[in-house]
Amino acid sequence: MKTDSLYDNISSNIIQWWQNNKTLYPWRPVDGAPNPYHVWLSEIMLQQTTVGTVATYFTKFIQKWPSLEDLASSSLEDIFVQWQGLGYYSRARNLHKAAGILKHHFPRDEAGLQKIPGIGPYTSAAIVSIAFNKHAVVIDGNVKRVVSRLFGLEGEKSITEHATALTPHQEPGDYAQGIMDFGRLVCRPKNPLCPQCPLKQDCYAALHGLQATYPIKTPKPLKQQQYAAAFVALKDNSILLQEQNDKKLLQNLLTLPMTPWTRDQEWEDQDALKQAPFDLDWELSPVQIKHEFTHITLRVKVFKGALKASHKGLIPLENLPNYPISTLVKKIIQSID
DNA sequence: TGTCCACGTCT
DNA sequence: AAGACGTGGAC
């Protein structure tokens, strides 16, 4: 461990950097105290999701549901429509559950917050420090990168220890937001802005030219390749969609009729057509869709056909924004036109 | 094109 | 406790 004064010096520099470089995101108050509802909602959205993407969704959410009570009284279906495209849809399910709890009691401590669905160690610390300006150690991907470079660290335990020692008891809200913004904007994963970094003279990685070495990354498991066919059944200007109920992935969203996803690349088009929802004059689209999930790369062949009779599940194309649809399905529909 | 970001939470 | 769970943008 380094001396206390070095940690103090670094955290002061981070706070100062942030106060000079603070960006006004929609969830940050122009002046005055942060709104805990806004902090919670934004932090849930920011899990694994970039700031730019979240800004759009966050603004839509607070326009539709200006208060926590408004959100708590909404239906899960409405939350899904607004959440569509953001990904990690269990967050939307937990958001709906959590709103009902937080409306009655909004804990101001990490242990209490972690009992709420969707709030884990990182998010509880973020809410405590940002919304309530109380001491809590935030450790997200940015903090890990900054701390591992500053001190030349590898491994969870030492990073947590140093992040804890670095977290000041003064201005915890500014520090928490500061170190995460600093990591994103200055101590970037690639091409960090070391020449203009206020911490460069204290940074192990910068002093040794090891910025690219830290953080030490663990090898990721190979993505599984999977294959499927999707069926776009059209009637006038309507498209046939159905509920996703046969798999956990993309649960609660609407989907196109699809064959089961398989690891076998070598199936024939006729095999897919046997699993079509109707006996139709299906036409194979020349465009194959590739879609990346966290752990799966999916390649989809698309069959298009004209329905002769009306059918349950037909949705006018112009009404699609009112239904929860994944980006995968949007991509497939857009590829047809 | 392909890789990385992206530890975040839940199971 | 390792694996499941989405997406888009940077490079």
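Because only heavy atoms are used, hydrogens play no part in the values below, and waters and symmetry mates are left out as well, while side chains stay in. Each chain gets a letter, A, B and so on, in the order its sequence line appears, and its residues count up from 1. Computed from a prediction, not measured in an experiment: that's the story for all the values here.
- Dashed line: the shortest gap from a side-chain N or O of A/Asn94 to OP1 or OP2 of B/dT9 is not under 4.0 Å.
- At least one donor-acceptor pair under 3.5 Å links the side chain of A/Arg28 to the backbone N or O of A/Thr23.
- In this structure, the nucleotide among B/dT9, C/dC5, C/dG6 sitting nearest to the side chain of A/Lys248 is C/dC5.
- Note: NZ (A/Lys157) to C1' (B/dC7) measures 19 Å, nearest angstrom.
- Taking the side chain of A/Asn142 as heavy atoms from C-beta on, and the options C/dG8, C/dC5, B/dA6, the nearest nucleotide is B/dA6.
- A donor-acceptor pair is defined here as one N or O able to donate and one able to accept, closer than 3.5 Å; no such pair exists between the side chain of A/Glu43 and the backbone of A/Val39.
- At B/dC10, none of the side-chain N or O atoms of A/Arg93 fall inside 4.0 Å of OP1 or OP2 (strictly under the cut-off).
- With both pairing distances under 3.5 Å, C/dG9 is matched to B/dC4 as a Watson-Crick or G-U wobble pair.
- Residue A/Phe293 has its side chain nearest to C/dT7 when only B/dC7, C/dT7, C/dA4 are considered.
- Without hydrogens or angle criteria, A/Thr49 side chain to A/Gln47 main chain gives a donor-acceptor distance under 3.5 Å.
- Using a 4.0 Å heavy-atom criterion, one finds that A/Leu250 contacts the sugar-phosphate atoms exclusively.
- When each of B/dC4, C/dC5, B/dT9 is scored by its nearest atom to the side-chain atoms of A/His295, the top-ranked nucleotide is C/dC5.
- At the heavy-atom level, A/Arg184 lies nowhere under 4.0 Å from the strands shown.
- In this model, the phosphate group of B/dT9 is approached by a side-chain N or O of A/Thr123 to a distance below 4.0 Å at OP1 or OP2.
- Distance CD/A/Gln211 to CG/A/Leu207: 9.0 Å, rounded to 0.5 Å.
- If you measure from atom CG of A/Asn252 to atom P of C/dA4, you get 20 Å, rounded to the nearest angstrom.
- Taking the six-membered ring where the residue is Trp, A/Phe151 and A/His162 present tilted rings, their angle falling between 30° and 60°.
- Atom CD in A/Glu156 sits roughly 10 Å away from atom P in B/dC7 (whole-Å rounding).
- Proximity of A/His291 to the phosphate of C/dG6: no side-chain N or O atom is located under 4.0 Å from OP1 or OP2.
- When the nucleotides B/dT9, C/dC5, C/dT7 are ranked by their closest atom to the side chain of A/Leu249, C/dC5 comes out on top.
- At a threshold of 4.0 angstrom between heavy atoms, the contacts of A/Leu46 with the nucleic acid are absent.
- Between A/Thr49 and C/dT7, a side-chain N or O to OP1/OP2 separation shorter than 4.0 Å is absent.
- Donor-acceptor pairing under 3.5 Å, judged by distance alone, is present between the side chain of A/Thr294 and the base of C/dG6.
- Distance from the side chain of A/Pro189 is smallest for B/dC5 among the nucleotides C/dC11, B/dT9, B/dC5.
- Nucleic acid contact for A/Tyr122: sugar-phosphate only, since backbone atoms but no base atoms lie under 4.0 Å from a heavy atom of the residue.
- Each of A/Ile139 and A/Gly118 lies near DNA chain B, and the nucleotide nearest A/Ile139 is the one positioned closer to the 5' end.
- Between the P atom of B/dG2 and the CG atom of A/Leu222 lies a distance of 14 Å, rounded to the nearest Å.
- Look at CD on A/Gln47: it is 5 Å from C1' on B/dG8, rounded to the nearest Å.
- Between the C1' atom of C/dG8 and the CD atom of A/Gln84 lies a distance of 16 Å, rounded to the nearest Å.
- Among the heavy atoms of the strands lying under 4.0 Å from A/Lys144 is at least one base atom, whether or not backbone atoms are also near.
- Shown here is A/Gln19, whose CD atom has more than 12 heavy atoms of other residues, nucleotides or ligands within 6.0 Å.
- Among the protein residues, A/Gly85 comes within range of the sugar-phosphate backbone only, with heavy atoms under 4.0 Å from sugar or phosphate atoms but none that close to a base.
- Within 4.0 Å (heavy atoms only), A/Lys290 reaches sugar-phosphate atoms of the nucleic acid but no base atom.
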